[in-house]
Chemist: 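Here it is, the structure in full.
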Number of protein chains: 2
Amino acid sequence: MVETGGRDTRERIIEAAGEVFARKGFRRATVRDICARAGVNVAMIKYHFGGKAGLYTAVLEHFRSVAGRRSRQIIDRAEREGPEARLKAFIRAQLEKLTGSGRPAWFDRLMSREVMDPTRALDAIVETGVRPSAERLVGVVQELLGRDDREPDLLYCCLSIVGQCLHHHYAKNVIARLYPGLAYGPGELDRLAEHITDFSLAGLAAHRKRHDAIEEYAAL
Amino acid sequence: MVETGGRDTRERIIEAAGEVFARKGFRRATVRDICARAGVNVAMIKYHFGGKAGLYTAVLEHFRSVAGRRSRQIIDRAEREGPEARLKAFIRAQLEKLTGSGRPAWFDRLMSREVMDPTRALDAIVETGVRPSAERLVGVVQELLGRDDREPDLLYCCLSIVGQCLHHHYAKNVIARLYPGLAYGPGELDRLAEHITDFSLAGLAAHRKRHDAIEEYAAL
DNA sequence: GACTTTCTTAAACGCTTGTTTAAAGTCCGG
DNA sequence: CCGGACTTTAAACAAGCGTTTAAGAAAGTC
């Protein structure tokens, strides 16, 4: 009756659900909306996934592999370079994640949705999606600070960096109202990445100088 | 029948609604929950406020005056000092806003709720709650950069500063999972404010040096 | 004290949500 | 073909939501 177009029902549901979940989050998304987009009866969600929650985890599992592909590409390109270039690549990748609109960006959107309004899937998302990224940043910052510990002040530095990036995503509605002139095209994203990089490198350099001075004093 | 205890019904509803809205946001809060806490019939919300949306705006209006009292106190204390001290006061006040749990903090919690998941009240909140604060920061940053324009790169600096502060609020669930050791008691808040201040002052100083060099070059 | 206005109540309405049911359709090996 | 397993369908269910109704209580007014 309905032309299945070759794609299986399960796939069609996951595809539609990925889009809807990414746009509205788990709670505000409705199974009826998802099923309408997939051209499928609402009962299929129980049949194939056991329920809305099961569908959500299936969607996360499905898009985990393709997630952050473009971000990883940006980061990998700078793999062999110095810590400054790797920091800039990390920052550019963070900004890229949050403005992407294609299918690979759905997982990233779900991640930031989850950050703001957690569900039970948060633990899994943190481990598979956030921690690897965070560990990479910790490594770069350790290198830039010339240390190998992870004292609170080092983590503060990392949080300062990602905070600058993600703020443009969290607060985009407010920023748009406060400063209607600011746009977020690819060119602005490059300039913004450059700003955050320079800002952070200066902050890190100052922190290193201060910390080294304290170490020196303590060594006496 | 029910002992009104002297407080008017309207007040009891607004008090309960303030707590519930601050904790759950507009959408996830239910009128039944609010009315149960207020010990009041659900129909009273239509009678006194016209509906849930009217109650929400009434709550915003009611708590607007007491909002940010402690923050303003922190900021005013540094009013006569240099821009560095005023920046630190601003940062400390931002952190204070997000960890406060008393009644004066409800408006601030509602503000950040609104930032993450806007309702129609966002415009009013931005104008009355966010813009004054943002303008103050712009002033301090202008002073620190030695400029009086508000080019995009200056706004980027401001956004870098508030981003560092608010990230600890937006992403608190994720940060708690990533780094279980980090706590947010008053002492940590002071240290965090000091970190963000130093980090940002270094970033601003480097930005100023870079910008002045460009200006000088352009003047030739 | 009767009357009007203001306030409050219990109950139900209409809607949306996720879920479930029972019947019908589809597919495929025998 | 045919029969059983797998899919899909339309419809309804139960719960929660904001809202509304109609009747009653409380309080002020003449």
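Computation of the quantities below employed the complete heavy-atom set of this structure, encompassing side-chain atoms and omitting hydrogens, waters and symmetry-equivalent molecules. All values derive from a computational prediction rather than experimental measurement.
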Chemist: Determine, for A:D33 against A:R37, whether the closest basic-nitrogen to carboxylate-oxygen distance falls under 4.0 angstrom.
Modeler: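 So A:D33 pairs with A:R37 through a salt bridge.
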
Chemist: Which one, D:dG18, D:dT8, C:dT8, comes nearest to the side chain of B:V31?
Modeler: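 That would be D:dG18.
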
Chemist: For C:dT16, take OP1 and OP2 only and decide whether either is under 4.0 Å from a side-chain N or O of A:T30.
Modeler: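 For A:T30, the contact criterion (side-chain N or O under 4.0 Å from OP1 or OP2 of C:dT16) is not met.
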
Chemist: If we ignore hydrogens and angles and just use 3.5 Å, is the side chain of B:Q142 paired with the main-chain N or O of B:D149 as donor and acceptor?
Modeler: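 Checking the backbone N and O of B:D149 against the side chain of B:Q142, a donor-acceptor pair under 3.5 Å is found.
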
Chemist: B:A43 side chain: which of C:dT8, D:dT20, D:dT7 is closest?
Modeler: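 Closest nucleotide among those given: D:dT20.
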
Chemist: Could you tell me whether a side-chain N or O of A:Q164 sits under 3.5 Å from a main-chain N or O of A:S160, the two making a donor and an acceptor?
Modeler: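 Flag set: sc A:Q164 to bb A:S160 pair under 3.5 Å.
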
Chemist: Taking the basic N atoms (NZ, or NE/NH1/NH2) and the acidic carboxylate oxygens, is any pair closer than 4.0 Å for A:E61 and A:R64?
Modeler: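 Yes, charged N to carboxylate O under 4.0 Å.
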
Chemist: Need one value for A:A53: base, sugar-phosphate or nothing, where a base atom within 4.0 Å counts as base even if backbone is also close, heavy atoms only.
Modeler: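 Contact class for A:A53: none.
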
Chemist: Nearest to the B:H48 side chain among C:dT8, D:dT9, C:dA10, which nucleotide is it?
Modeler: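 My answer, after comparing the listed nucleotides, is C:dT8.
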
Chemist: Does a nitrogen or oxygen in the side chain of B:K46 sit under 4.0 Å from OP1 or OP2 of D:dT20?
Modeler: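 So the side chain of B:K46 is within the cut-off, an N or O lying under 4.0 Å from OP1 or OP2 of D:dT20.
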
Chemist: Ignoring hydrogens and angles, answer whether the base of D:dG16 and the side-chain atoms of B:R32 contain a donor-acceptor pair closer than 3.5 Å.
Modeler: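 There is none.
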
Chemist: Looking only at the side chain of B:N41 (C-beta and beyond, no hydrogens), which of the listed nucleotides C:dT19, C:dA10, D:dT19 gets closest?
Modeler: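 So the side chain of B:N41 is nearest to C:dA10.
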
Chemist: Of the nucleotides C:dT20, C:dT9, D:dT20, which one has an atom closest to the side chain of A:V42?
Modeler: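 The closest nucleotide is C:dT20.
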
